[in-house]
Amino acid sequence: MVETVVFVIFGLAALFGAITMVWARNPVYSAMGLMMTMFSIAVFYVSNSAHFIAVVQVIVYAGAVMTLFLFVIMLIGVDKEEDRTENLPIQRPLALVLILSFGAAVVVAGRLAWTTGIRNPLDPVNGTVEAIGDELFKRWVLPFEITGLLLIVAAAGAIALAFFKDDDDAEVDPWR
Amino acid sequence: MNLDFLAIAPTVIIVTAVVLLLMVDVTFQMTHRWWGIAAALGFVGATTASVWQWIEHRGDDGELFFSDMLAVDGFSSFAGMLVFPIAGLGLMAGWQLVRGVGRRGAEFVALSLIAASGAHLMAASANLIMLFIALEVFSISLYVLAGFTRKGEGADEAALKYFLLGSLASAVFLYGIALIFAATGTTSMYGAKAFLDSTLILRPGILLAGIALLLVGLGFKVSAAPFHVWAPDVYQGSPGGVTGFLAAGAKIAGFAAMARVLVVPLGSYIDDWAPAIAVMAASSVIIGTLFAIAQTDLKRMLAYSSVAHAGFIMTALVAGPAGIGDMWFYVSTYAFQVVGAFAIAAVVSGALTGRSPLSDYAGLSGRSPLLAAAMGLFMLSMAGIPLTSGFIGKAAVFRAAIDADYLWLVILGLVAAVGGLFFYLRLIVVMYMQPEAEDAAHPQVRLGTRFAVGVAAVVTIVVGFVPWPLLDWVKDAIPL
């Protein structure tokens, strides 16, 4: 019962944050909306007893990533309002119709009973740091290492795109 | 846990090459020759390791490693033997671009290496989470490569469009993984296969929704209609030296992932996904062919033609496990054709620029007969003219579809192939029969491009005349 109440409250908060993020004209409001969604999702993690993931969600996403977003918004300028004219006038009504029909489909599908086939879905989750470290460095060690490759991509890609200058594609002397 | 160095050897070799390349370059300010040496070491080493895996594990000798994260079998080692040489050829053909971007060339080479490694891991993943990480390694490298020059009309647009739509597709794909996990209780492909083979799910709605979302995500990567809208803008806007690998690599990796996901964990649900694949294949060949006819830019035309080719390749997948060999045959021959064709486009229209209007190619036969002849060969092969590898590929995928009782799809494919002749032949007409422009430059063909185009042309002709060895090999390129 408590879980249902928590879910309804924070589910609505998450939805409200997501809509604010897309809808707000001021980028700072958008960032705040995103933050609200992330906090609400952290609450869901707690209610599923994944405490570590919840903490990571708050520290990394609601903390570090949001701070970065705000920095970028400040650098670009807070007072810039976006231009909302559409090149394709049919796009927005069409999107609205599609959202409504998708929502209707989800509601209809949610009323039916679907079998998932997992025989014992109610195993208690152990969300402690020890349990996660145990899994991460034993069973999931290869995906974990490949994620390191993603970091190289991010570093090399950021350097490559940020060091772009207009004059650097003048033919370099190959013998230097 | 089953640890084995050979299982991760291609990845380790590539990563070693990347780290060496970047560290030595930072420390000693090397020239582009060092970048070339490091890239060659990486690609040759990784190809050798893949060949070794092929010898050890092809056919029925596939094995799972790293607690079922990685499958080393004929399927993954064939993908490695294909994607690493293709990436090497693409890099050779784009070397002009590497030298044209100053010190950032080292990052370009490093990202190409990592992208190839990600493509190989996509083919080797035996776990959906692993597959997702490999897909991100591959895609994010390509997003950066697509926007590398940031010069001229459409370069930034191409990179941003690719990045935003690609992220959306990745998110959809991830949602699909979550639903498959909800339905089966595992993200391991072989675990899911064991579960689905032994369990009858009475109302499999969640599983079916998961399959649909996975198909959307992978359909985007291989640019199959109706998820193809990014392809023309990205192909046209990204610099000429990148497009070849971008086109070939995405096809190899995307179809490898699609084939393994559909055939291994979802193999018992073939009656549910095969019609969806057939519809995607049909709409891809129709849309790709019709829109390619209307294009006036070579790279845009090749983008729509790649949509049509994605449809032809999917035609083989409707046959399920029986079609995987034919899919590999088509993918491997097409990868060589498309790398060769874009290598020539990079010479004629410039490796740093995006656009490539057909008028650039007017009278190419007079300026550079060999380039025109090679381009003509690739066009004929893509159109599926007999005695080229493209013909055998089309015959193989059509046979697979007929065996699976998809005659309507084959008839549609044949009609589209005939329609495709129009725009492939139009380029040949432009090259051979139109007068060249007064100020047309004589294209400078560098050694790397010569090598890449030469290898692609030789493969296209040899496989066209003697397809049997490759047809034999792909029979062993099946997932465990």
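Because only heavy atoms are used, hydrogens play no part in the values below, and waters and symmetry mates are left out as well, while side chains stay in. Letters go in sequence order (proteins before strands), and every chain restarts at 1.
Residues of residues 125-134 of chain B placed with any heavy atom under 4.5 Å of a heavy atom in chain A are listed by number as B/N127, B/I129, B/M130, B/I133.
Dense packing is recorded around CZ of A/F44, with more than 12 heavy atoms of other residues, nucleotides or ligands lying under 6.0 Å away. The 12-atom threshold is exceeded at OH of B/Y190, counting heavy atoms of other residues, nucleotides or ligands nearer than 6.0 Å.
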Worked verdict on B/W95 versus B/H32 for side-chain contact (heavy atoms from CB on, under 4.5 Å): CA-CA 9 Å; B/W95 204 250; B/H32 71 97; 3.0 Å; yes
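Looking at B/F163 and B/I140, their side chains never come closer than 4.5 Å, going by heavy atoms from C-beta outward. Inter-residue side-chain proximity for B/I180 and B/T184 is flagged as met; some heavy-atom pair is nearer than 4.5 Å.
No part of B/S139 comes within reach of chain A, as not one of its non-hydrogen atoms sits under 4.5 angstrom from that chain. Proximity to chain A is absent for every atom of B/L179, based on heavy atoms less than 4.5 angstrom apart.
Looking only at atom types and distance, the side chain of B/W35 has a donor-acceptor partner in the side chain of B/D25 under 3.5 Å away.
Annotation: maximal heavy-atom pairing with chain A below 4.5 Å, among B/D68, B/L196, B/I114, B/L200, occurs at B/I114.
Both cation-pi conditions hold for B/R104 and B/F148: the charged atom is under 6.0 angstrom from the six-membered ring centre and inside a 45 degree cone around its axis.
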